[in-house]
Amino acid sequence: MIRQAKGKTPRRPPPKKPSNSQKDPVGVYCRVRPLGEEDEECCIEVISNTTIQLHAPDGLKANRNGEFKETQYSFKKVFGIKTSQMELFEDVAKPLVEDLIHCKNGLLFTYGVTGSGKTYTMTGSPGQGGLLPRSLDMIFNSISPYQAKRYVFKPDDKNGMEVQNQVDALLDRQKRDSQTSVPKTPTARRFDPEFADMISPEEACKAGGVDEDSSYSVFVSYIEIYNNYIYDLLEETPFDPIKPKPPQSKILREDQNHNMYVAGCTEVEVKSTEEAFEVFWRGQKKRRIANTQLNRESSRSHSVFIIKLAQAPLDADGDNVLQDKSQVNVSQLCLVDLAGSERTSRTRAEGSRLREAGNINQSLMTLRTCIEVLRENQMCGTNKMVPYRDSKVTHLFKNYFDGEGKVRMVVCVNPKADDYEETLLVMRFAEMTQEVEVARPVDRPICGFAAGRRQRNQAFKEELTRRLEERGGPLDGDSPTVLNQLLQSFPPLPPCEISGPNDDVTLPRLIEALEKRHKFRQMMVEEYNKTANMLKSVLQEQDSNLLSKENFLQEQRGRLGEKDKMIQNQKNEIDRLEKKSKMLEYKIDILQKTTNIYEEDKRSLQQELESREQRLQREMSEKRRMESRMQGIVTDAKLKWEKECERRVNAKQLEMQNKLWVKDEKLKQLKAIVTEGKSENRQPQRPSREKDKVPAKRSASPSPVPSPYNGSQSSLSSLEPIYYFSQTIRPDPHFPRPGSVSVASCISEWEQGVPHSRRQGSQSPPDNRKRAQGLPDSLRRRRGRCWAREVPVQPAEVDLEETGHWTGPPVRPLHRRSHSAGGERWVDHKPNTNVDLDTVLQPNIPNAIKVNAPNEKALSKCDKYVLTHQEVASDGEIQTKLIKGEVFKTRGGGQSVQFTDIETLKQENPVAASRKRRSSESGPDGEPVEGSWTDVETRCSVAVEMRAGSNLGPGYQHHGYPKRRKP
Ligand code: ADP
Ligand code: MG
């Protein structure tokens, strides 16, 4: 429906969008025409009234290896070969015509291959009218009594409709009458006999619900789209039989409501089915002529027959159409007979025909594409552009798909096997089309100012006639029969010709006749007066009736006004109350919000309180913990400091004792020197060459203590001060475990210490000495077992606190066993693993207690200790070390060994050694050396000298060895 825009609007309104969300799918119907020849192969079977089945023809199946299966297609309805045109119309077109009358647009098209019955369905044949004539017939059957006079509605050539005033319309009518000799009341027979009896009278149908207070007018236009050009089939062009002009194509335009229309297209107002037929056939004829003249193929063009129905309300009198353009509603029904859908190849067209066919195919292709895109957009929610503009057909009907309206399609199929492949394509397109939805048009009832006025006028007329009849019959001056009757009842005048002066007959006869007439006239005047009076009285009555009605109406209006006022008051009151309630609601809202805020505050405060309490609790417990920890720390610190004090006191004591001891030692050494000085007078000084006698393979450490080989203490004078260090094994877990220091590590430590001390010089020896002091016995006992190692070392290298291992206080200086009490007694410790060396250089320790494992008992009895330790040197020779020490009794009642010396004997392979020895025995000087090797004293003195010169030669090694000792 196209509702007229009010006046001129400079601005274009936004694109028309469907005003309702309800959508209907495109109604697709299928019509199967009967076979042309009965013995023809058929490929379609109607299964039900909604389904058909396609069978591939046998030949095709054989060719394509059964590629084609039997497929079923469903439609809104399937019409078989026996379906009559009427049945089809009832289902397909009737609802569209009803919609048209109710201001809704409709589009109906036939689709199919050439010869499938599209034209037959749309147009029909004599006696078998198609959808188009039936639609026209139904329209006129429905609106005939309410049609407006010709030219009251006038198309504005912009797809709109104007309303002309009565005078203009009358003038237009007179003009038309003078131009054409068309009689006012046409009949079907008058037109082309071909169209006679298209629709039998019993098939006539009518739409219900026609608005009687509206005036209607039907306009038709008929266009053809060929080769994507639009031609107006109703255009009146002077025909030149000599040089016929080719028809001019028309263009498509969009109106201000974005509806498409063919610009300059003839719209013919028709007042009856017959007239409409006449116009339609005029168009058809023109089409046929053009096709013949231009050598066109009719099956390749689309024909569009547009029925426009203009309707507008009547004015207040109910006689004329309301002069208001905006109140005019125009709805249209397009009936489209599409070109054959078959592919170009099938038509075997050539040249320009082929091009045209391509274009036509193109337009159908565009239609298919549009439908596909629409379907995709609707089903997948996409927003792809629908290519309506790609062809005239789709462009013209664009509004049906993106606006609103009812769209229906009749798919025509010819069941013959030859058409199978084309029919298959048609079916697919038809199925797809069914999935497209179009917005359902909404009802827009026309609201005129004279609702029921036409009916009331009619009723009044009828009432008047009836009353007149009651009072002596109707007196209708216009009616020729009444006038004639009256004239006839007048006494005829006798002949008035007087024959002579004596003619006494004529005049009296005339007088009599005139008198009669006069009487009759008087009677008539009386009658007239009577009738006039009666009429007057009727009118007066009517008037008074009217008056009373008017009064009544007035009264009612007054009451209505009062009621209105009351309603207004109540409305005001309601408004006020609503406002108040809104206010209150608003207040409640605010209060609610405030409450919420307060509650929120309360909650947050509570939370804060809780968290603070928790924090307080935590802090308290933290404080308590801290307190207890601090107490612990204080106690610890106290203990530590106590210990530290004790340790320092002890260290001081030890230092002092050590100093004392060193002094003692020095004194003793001095004493020994003094004593040696005396004995030197008896023993001559060893000749210096004796040093050369010491074999290169043998070396002795500078012995600070007398060698066990001679038992003398001859080299004490060359000794540097002896420092002690000891490792105490404590049960305290924070201190290093005793096992972590092995003999070897102690020895290597000591070895490394020698050069270190040399590098460092003797920095702060007293300190280191201090640190190296042992613990007093009492303390050592308390702390458990300890290891003691006593070696002559440089003081700097044993920074026990620095290494972290020797943090314990040093053992107290040991006190020596008295040597005067019956000579030295040795513990000769030889582990079982030792190899028995086939050498003359065997240590000979008389009076020794031989043990193969440290033996406390043996230690308690002796005052000297020697460990024979063997190892393989890097050159593969066996190295025997004699690690010597002195045994001291500790205050705690245990023993401790103070290592004082290491003698290293490097022993070659006994075979090689014996060979060497033999060769050395027969040396160049031929001097025997055996005697000198037995001389321990000589050896020791050489060793002492070497030590004194700080020149540690090869094979001369100095080792400390910690000895396990029980407290
Ligand atoms: P189209 O327009 O599709 O090319 P037509 O409507 O011209 O096909 O039909 C071709 C022929 O088939 C016509 O002679 C027509 O009378 C006939 N025909 C088509 N459909 C039917 C039908 N349903 N019943 C009888 N005849 C039909
Ligand atoms: Mg046709």
Side-chain angles (χ1 to χ4, degrees), residues 28-38 40 42-46 49 52 75 77-93 108-134 194-195 197-199 222-227 231 233 280-281 283-288 290-292 296-305 335-344 346-349 356-357 360-361 363-364 367 393 409-423 425-427 429-430:
V28 180
Y29 300 84
C30 177
R31 185 183 206 184
V32 185
R33 59 158 283 185
L35 278 169
E37 291 155 32
E38 275 187 13
E40 237 180 332
C42 175
C43 69
I44 289 168
E45 191 189 332
V46 178
N49 63 351
I52 62 161
F75 301 96
K77 198 158 181 188
V78 171
F79 301 97
I81 50 169
K82 291 197 178 108
T83 313
S84 70
Q85 299 278 60
M86 185 62 201
E87 280 165 20
L88 186 82
F89 173 77
E90 287 276 342
D91 276 320
V92 180
L108 172 65
F109 55 94
T110 53
Y111 184 88
V113 295
T114 302
S116 59
K118 295 186 297 295
T119 308
Y120 178 81
T121 300
M122 192 55 87
T123 314
S125 56
Q128 294 288 318
L131 300 176
L132 188 147
R134 282 172 201 276
E194 200 187 326
F195 325 119
D197 302 323
M198 267 246 179
I199 307 149
Y222 194 19
I223 56 168
E224 181 184 34
I225 301 171
Y226 188 90
N227 197 14
Y231 300 102
L233 293 176
F280 171 72
W281 289 118
Q284 278 286 72
K285 205 183 268 173
K286 196 168 175 189
R287 191 179 173 196
R288 236 178 289 157
N291 285 344
T292 323
R296 298 197 314 206
E297 202 187 316
S298 66
S299 69
R300 288 269 156 229
S301 69
H302 314 282
S303 71
V304 184
F305 190 77
L335 303 170
V336 188
D337 184 2
L338 287 175
S341 70
E342 63 275 0
R343 288 165 293 185
T344 325
R346 210 182 85 132
T347 60
R348 286 181 221 66
E356 286 165 13
I360 288 149
N361 265 4
S363 65
L364 285 178
L367 176 68
V393 177
M409 178 166 90
V410 183
V411 177
C412 297
V413 281
N414 191 343
K416 69 173 179 183
D418 289 354
D419 278 4
Y420 173 78
E421 283 182 69
E422 293 298 338
T423 307
L425 298 177
V426 170
M427 291 293 126
F429 170 66

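Counting convention: from 1, in listed order, for ligands and their atoms alike. Computed from a predicted structure; not experimentally measured.
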Protein N/O/S atoms under 2.8 Å from the Mg ion (ligand 2): how many? 1
On a heavy-atom basis, which atom in Met86 and which in Arg134 lie closest, and how many Å separate them? SD-NH1, 3.2 Å
Begin from the C-alpha positions of Val426 and Asp419 and carry the test side-chain contact (heavy atoms from CB on, under 4.5 Å) through to its verdict. CA-CA 10 Å; Val426 170; Asp419 278 4; over 6 Å; no
Less than 4.0 Å from some atom of ligand 1, heavy atoms are found in residues Arg31, Arg33, Pro34, Val113, Thr114, Gly115, Ser116, Gly117, Lys118, Thr119, Tyr120
Just jot down the side chain to side chain donor-acceptor pair (under 3.5 Å) partners of Thr121, sequence neighbours excluded, or say none. Arg31
Supply the atom-to-atom distance Leu132 CG to Leu335 CG, rounded to the nearest 0.5 angstrom. 5.0 Å
Taking side chain to side chain contact (heavy atoms under 4.5 Å, CB included) as the criterion, tell me which of Val413, Ile81, Asn414 meets it with Ile44. Val413
Sequence neighbours excluded, the answer for side-chain contact (heavy atoms from CB on, under 4.5 Å) partners of Val78 is Cys30, Val46, Ile52, Phe75
Measure the CZ-OG distance between Arg287 and Ser301 for me, rounded to the nearest 0.5 Å. 3.5 Å
Flag side-chain contact, heavy atom, 4.5 Å: Tyr222 against Gln284: yes
CE-CG distance between Met122 and Leu88, expressed to the nearest 0.5 angstrom: 9.5 Å
